[in-house]
Number of protein chains: 2
Amino acid sequence: MARTQGSRAEITGPLVRDAARRLFARHGYAAVSMRQIAAEVGLQVGALYAYTPDKQALLADLLRSHMEELLAAWQDDPARPALDRLQAFLRFHIQTSLERPEAVFLSYMELRNLEADNRAEIAALRRRYEDALEAILIAGMTQGSMRVPDSRLAAMALIAMLTGITNWYREGGRLDQDRVAAVYWEMVRGAVGA
Amino acid sequence: MARTQGSRAEITGPLVRDAARRLFARHGYAAVSMRQIAAEVGLQVGALYAYTPDKQALLADLLRSHMEELLAAWQDDPARPALDRLQAFLRFHIQTSLERPEAVFLSYMELRNLEADNRAEIAALRRRYEDALEAILIAGMTQGSMRVPDSRLAAMALIAMLTGITNWYREGGRLDQDRVAAVYWEMVRGAVGA
DNA sequence: GTCTATAAACGGATAGAC
DNA sequence: GTCTATCCGTTTATAGAC
């Protein structure tokens, strides 16, 4: 039989992280107090420190786990045609971004509020993600199915373009996710000279 | 002969705004204290309140004046070919973004820290800027020189893509501003089906 | 316009009881 | 694991002297 307290802890931990993610994304890391996070979960401040050593570690955990999940979820097959891989990347990026818009926003916006070593770690993870896209573009040029003036800049441009969707997309809006992906795919295909 | 105090005020005001812009962009609005801003300018805290009623108004002023300068500086000529207008927009957006990366960053990142009425005002200005780009895309489709699947989404996609440059561009880096503009222009042309 | 001093609230984090 | 209580530094903003 499950221990009451143990079971509670397994639930409370994720709740604390969910609340922190939501509040940090909405108001900014510095603007959110530990008291606000506690209130959102239904705890008193002191109890939060059973789940994180301090506020900074809470933010670093959110960013690190987001990037690690992203990298683990992305499945590429270098044997496939580059254009197919690019379309798969586009769908993957749009879907995960719209599933977790708060984590995406945080990862791009709150890097500056991390201490140097935490920041370097997250930046390296993000760089691996950018490299995954650039590898596809390089393959496309080698295969002759794409033509981009600079693979590094093209990767940065495409990620910025796709991530920007989270700034305006609203569930139940004019276009659903599939339609958005189709529209962006047409533009991306053109941008890479396909 | 100029009054010492009057002359000082005309200089101090902009200095306060410059310091606030720099610090807000670097650390985030909520993370920056009025004391830090004062120290940056060489004042004591109390003196800041001669230039702004409060911290919130200081941020709102920065965002509003940035957007208004942007809109005032953008000179379009609807009589020209749409592709030329689009290239002019691209050059304009890249140049102004790289000239004032801090203001650009603030305008996109700190909207959430404005009170509702201030936020609505800035959002409306930003919307006008997006509309200026969309108008060019619509003209391009009418003229038959462009083909985009959705003019609104295309405008949002292009602005996100171009603004993203501020995230990685470094003066004296691998590519200078003209080269960056040329690379992006090739991608943008493709994206709009030209 | 700028200073010093201060009010009043809020920040992160910890201690000890249960 | 959670609560209450508290420490102590910092925050925005204001008052009054110069």
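Here is how names work: the chains are called A, B, and so on, in the same order as the sequence lines, proteins then strands, and each is numbered from 1.
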How close or far is atom [atom2] of [N] from atom [atom1] of [X], stated in whole angstroms?
X       : N      : atom1 : atom2 : answer
A:Ile11 : D:dT2  : CD1   : C1'   : 16 Å
A:Asp54 : C:dT14 : CG    : P     : 8 Å
A:Leu58 : C:dA13 : CG    : P     : 10 Å
A:Ile37 : C:dC10 : CD1   : P     : 17 Å
A:Met34 : C:dA13 : CE    : C1'   : 9 Å
B:Arg35 : C:dT4  : CZ    : P     : 12 Å
B:Gln44 : D:dT11 : CD    : P     : 14 Å
B:Gln36 : D:dT12 : CD    : P     : 9 Å

### Query
Within less than 4.0 Å of OP1 or OP2 of D:dG1, is there a side-chain N or O belonging to A:Thr12?
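False: A:Thr12 side-chain N/O out of range (4.0 Å or more) of D:dG1 OP1/OP2.
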
### Query
Does a nitrogen or oxygen in the side chain of B:Ser33 sit under 4.0 Å from OP1 or OP2 of D:dT10?
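The answer is no; no side-chain N or O of B:Ser33 sits under 4.0 Å from OP1 or OP2.
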
Side chain of [X], heavy atoms from C-beta onward: which of [options] has the nearest atom to it?
X       : options               : result
A:Leu43 : C:dG11, D:dC3, C:dT2  : D:dC3
B:Tyr49 : C:dT14, C:dC3, D:dT14 : D:dT14
B:Lys55 : C:dT2, D:dA13, D:dT2  : D:dA13
A:Val45 : C:dA13, D:dT2, D:dA13 : C:dA13

### Task
Without swapping roles, check the side chain of B:Thr163 against the backbone of B:Ala160 for a donor-acceptor pair under 3.5 Å.
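No; judged by distance alone, with no hydrogens or angles, the pair does not exist.
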
### Query
Counting only N and O atoms by type, is there a donor-acceptor contact under 3.5 Å from the side chain of B:Tyr29 to the main-chain atoms of B:Leu106?
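No, B:Tyr29 side chain to B:Leu106 backbone: no donor-acceptor pair under 3.5 Å.
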
### Salt bridge flag under 4.0 Å for residues B:Arg22 and B:Asp18
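Not counted as a salt bridge, because no side-chain N and carboxylate O are separated by less than 4.0 Å.
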
### Query
B:Val41 near the nucleic acid: base, sugar-phosphate alone, or nothing, with a heavy-atom cut-off under 4.0 Å?
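Here B:Val41 touches no strand at all.
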
### Task
Taking the six-membered ring for Trp and the full ring for Phe, Tyr or His, determine whether the centres of B:His66 and B:Tyr108 are under 6.0 Å apart.
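That pair fails the under 6.0 Å test.
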
### B:Thr52 and B:Met34, any side-chain heavy atoms less than 4.5 Å apart
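Touching, per the 4.5 Å side-chain cut-off.
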
